[in-house]
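Keep in mind that the numbers below use all heavy atoms, side chains included, and drop hydrogens, waters and symmetry copies. In the text below, chain A, chain B and the rest are named by the order of the sequence lines, each starting its count at 1.
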Number of protein chains: 2
Amino acid sequence: MTKRLGRGSDSDSRNEATGTGREPFRDRSGRSLQDYPRPSVAVDTALLTVGPSGGDGTGSPELLVLQVRRPAGGWALPGTFLHPGERLIDAVLRSLREKAGVTGASPRQLHVFDDPDRDERGWVLSVAHADAMPLARLAGAIDGDGARSAPATSPGSLPYDHAEIVRAAVRQLRHRYASAPDPDRFLGPSFTLRELRLVHEAVAGHTLQKDTFRRRMESALVPTGRISSGTRGRPAELFRRARRVSTPGGP
Amino acid sequence: MTKRLGRGSDSDSRNEATGTGREPFRDRSGRSLQDYPRPSVAVDTALLTVGPSGGDGTGSPELLVLQVRRPAGGWALPGTFLHPGERLIDAVLRSLREKAGVTGASPRQLHVFDDPDRDERGWVLSVAHADAMPLARLAGAIDGDGARSAPATSPGSLPYDHAEIVRAAVRQLRHRYASAPDPDRFLGPSFTLRELRLVHEAVAGHTLQKDTFRRRMESALVPTGRISSGTRGRPAELFRRARRVSTPGGP
DNA sequence: AAAATAGTGTCTGTGAGACACTATGTT
DNA sequence: AACATAGTGTCTCACAGACACTATTTT
């Protein structure tokens, strides 16, 4: 193996992406950065929520993913191209606002899809994002005909890597819900342990034992004095999320 | 809040980044994708390893990160610009090969850094990557003067977001080492439990109890019949990593 | 002999999982 | 009364953490 240290021997004399030179970048042929082909960069977002399963609204809550109608027909995750000078997160917020009327999201990056042939229109990288919010904040959009929610575990036919994005978003959501009570606030400020458990079952994709679940969550909950009413069976105490679970030295 | 469903009202009529139209993309002003400004895309990689601490080589192993010399002076993580039609992972492999003579890495994406002002040379996104490999595979590069290894928890002065990349890489490595014996093969095919523990201590950044560590790792190890020799104290049995820990239904 | 390392026995505490039981409301 | 739900008691199992002890080699 030939050792090649320091400056590379091809026309790319760059040493790190963050850039350090105050001087305008020129390679040995005198061309600047602007003379090389660059990819378009897009963002796509899997926005998850929980809502009643099926069309009847009777069953247990279910994990759903927001989809928007494509001009070409069919459905896809909301996305857009990154505009000049724009942050990725702002492009995501813009796509959610303009395509689905959704505001106030806090999307997180998932993965960059970079197959040069993944988009027929040209060289397009896509930075996948994920977020979750209560169904009520999507209801306005879904009532129209430009957006819908579909079961996240069987999202129907999605183009290209969108199904993979949804899977990664679900995986991340499950990881977050494994250690905290409803961190994405699908429920309001106070709730019974049954309501909390049904939400966590929707996220986990399977049922949870009520006694184990209660004992695991109780340390992260604060009892309000109040009692639920209007339901079948014995009324239950209402809880709210604890301010902060003390994790000294945590990230 | 104004509901805006379906097609957005600005010039960006794109509905998802993956692209579905067979027709060349044109917006309402008739411009194609090629007419919009696009960012340069770079990759930067934190390549971690474990090696003797300090210059003397006497102490316990320590977590190290590969750095390359910058033309402007100082040190940085290896990186390069993404070439047309190239995959991100291939750009990473190319930068490691040309800047540090390292081959055979399996980098994973960490995060996209997207501050429009992070690089004085222009609009540059950087996709941070991380990987780890045994020190022996870096030794050739580090022997030269174009590359060095530095303690990963105090990597010296690194430009821009490189320190953040190293922190994220260390976090990811610790998470992986918490559940498996030396998954990145810093050690050879067989090793004593002491050697394994010292490597895991280097990754974790603190000492581990030998009895607890042994009992936790034993289920993922297979005893070879052989016994270590040439060390102080009682010789120890040599183990190798188990083929696969059975995790039925796992990802 | 002293030091260094390998390997094991044992106790304690925590927490998940499972089963069963009591308590209190609605229909 | 029947049913649905809330909440708790209790047992078992697994495992981490900690301490102590024995075993075997080098120096």
Side-chain angles (χ1 to χ4, degrees), chain A residues 58-61 174-175 177-182 187 190-240 242 245-249, chain B residues 58-61 174-175 177-181 187 190-240 242 245-250:
Chain A
T58 57
S60 303
R174 284 179 179 165
H175 187 261
Y177 268 69
S179 57
D182 188 29
L187 298 170
S190 71
F191 42 81
T192 68
L193 270 161
R194 175 181 171 78
E195 292 166 338
L196 182 65
R197 180 166 50 87
L198 290 176
V199 165
H200 277 251
E201 288 177 349
V203 171
H206 55 80
T207 59
L208 301 169
Q209 288 210 170
K210 71 166 185 173
D211 45 6
T212 301
F213 180 78
R214 181 189 193 90
R215 280 185 260 254
R216 189 151 45 100
M217 287 298 167
E218 242 172 358
S219 66
L221 295 174
V222 177
T224 72
R226 294 179 301 139
I227 300 293
S228 71
S229 64
T231 59
R232 280 191 306 184
R234 174 177 164 179
E237 183 159 20
L238 289 167
F239 293 83
R240 62 173 177 80
V245 190
S246 72
T247 49
Chain B
T58 56
S60 301
R174 284 178 178 166
H175 187 260
Y177 268 68
S179 56
L187 298 170
S190 71
F191 41 81
T192 67
L193 270 160
R194 175 182 170 78
E195 292 166 340
L196 182 65
R197 180 166 50 87
L198 290 176
V199 164
H200 277 252
E201 287 177 349
V203 171
H206 55 80
T207 60
L208 301 169
Q209 288 210 169
K210 70 165 186 175
D211 46 5
T212 301
F213 180 78
R214 181 187 193 92
R215 280 185 261 254
R216 189 150 45 101
M217 287 298 168
E218 243 171 358
S219 65
L221 296 174
V222 177
T224 71
R226 296 179 299 138
I227 300 293
S228 70
S229 65
T231 58
R232 282 191 304 187
R234 174 177 166 178
E237 183 159 19
L238 289 167
F239 293 84
R240 62 172 179 80
V245 190
S246 73
T247 48

inquiry  = Any N or O donor-acceptor pair under 3.5 Å from the base of C:dA4 to the side chain of B:Arg232?
reply    = no
Measure from [atom1] on [X] to [atom2] on [N] and round the result to the nearest Å.
| X | N | atom1 | atom2 | value |
| --- | --- | --- | --- | --- |
| A:Phe213 | D:dG7 | CZ | P | 13 Å |
| B:Leu193 | C:dG7 | CG | P | 7 Å |
| B:Leu198 | C:dT5 | CG | C1' | 11 Å |
| A:Arg214 | C:dA16 | CZ | P | 15 Å |
| A:Glu237 | D:dT5 | CD | C1' | 15 Å |
| A:Glu218 | D:dA6 | CD | P | 13 Å |

ask   = For DNA chain C, whose closest nucleotide is more 5', that of B:Ala236 or that of A:Pro235?
value = B:Ala236
request  = For B:Leu238 and for B:Gly233, locate the closest nucleotide of DNA chain C by heavy-atom distance; then report the residue assigned to the nucleotide nearer the 5' terminus.
outcome  = B:Gly233
Sugar-phosphate only, base, or nothing, as touched by [X] at under 4.0 Å among non-hydrogen atoms:
| X | value |
| --- | --- |
| B:Arg194 | sugar-phosphate |
| B:Thr231 | sugar-phosphate |
| B:Arg215 | base |

ask   = Within the distance-only criterion (no hydrogens, no angle test), does the side chain of A:Glu218 pair as donor or acceptor with the backbone N or O of A:Arg215 below 3.5 angstrom?
value = no
key: B:His200 side-chain N/O to B:Pro181 backbone N/O, donor-acceptor pair under 3.5 Å   = no
ask   = Any side-chain heavy atom of A:Ile227 sitting closer than 4.5 Å to one from A:Leu238?
value = no
ask   = Would you say the side chain of B:Phe191 lies within less than 4.5 Å of the side chain of B:Leu198, judging by non-hydrogen atoms?
value = no
query = Phosphate oxygens OP1/OP2 of C:dA23: is one of them under 4.0 Å from a side-chain N or O of A:Arg234?
reply = no
ask   = Hey, does the side chain of B:Gln209 come within less than 4.0 Å of D:dG17's phosphate (OP1/OP2), counting only N and O?
value = no
remark   = Ranking C:dG7, D:dG17, D:dG7 by distance to the side chain of B:Thr212, first place goes to D:dG17
task = Tell me which nucleotide among D:dT8, C:dA6, D:dA18 gets nearest to the side chain of A:Asp211.
result = D:dT8
query = How far does CD of A:Glu237 sit from CZ of A:Arg226, to the nearest 0.5 angstrom?
reply = 10.5 Å
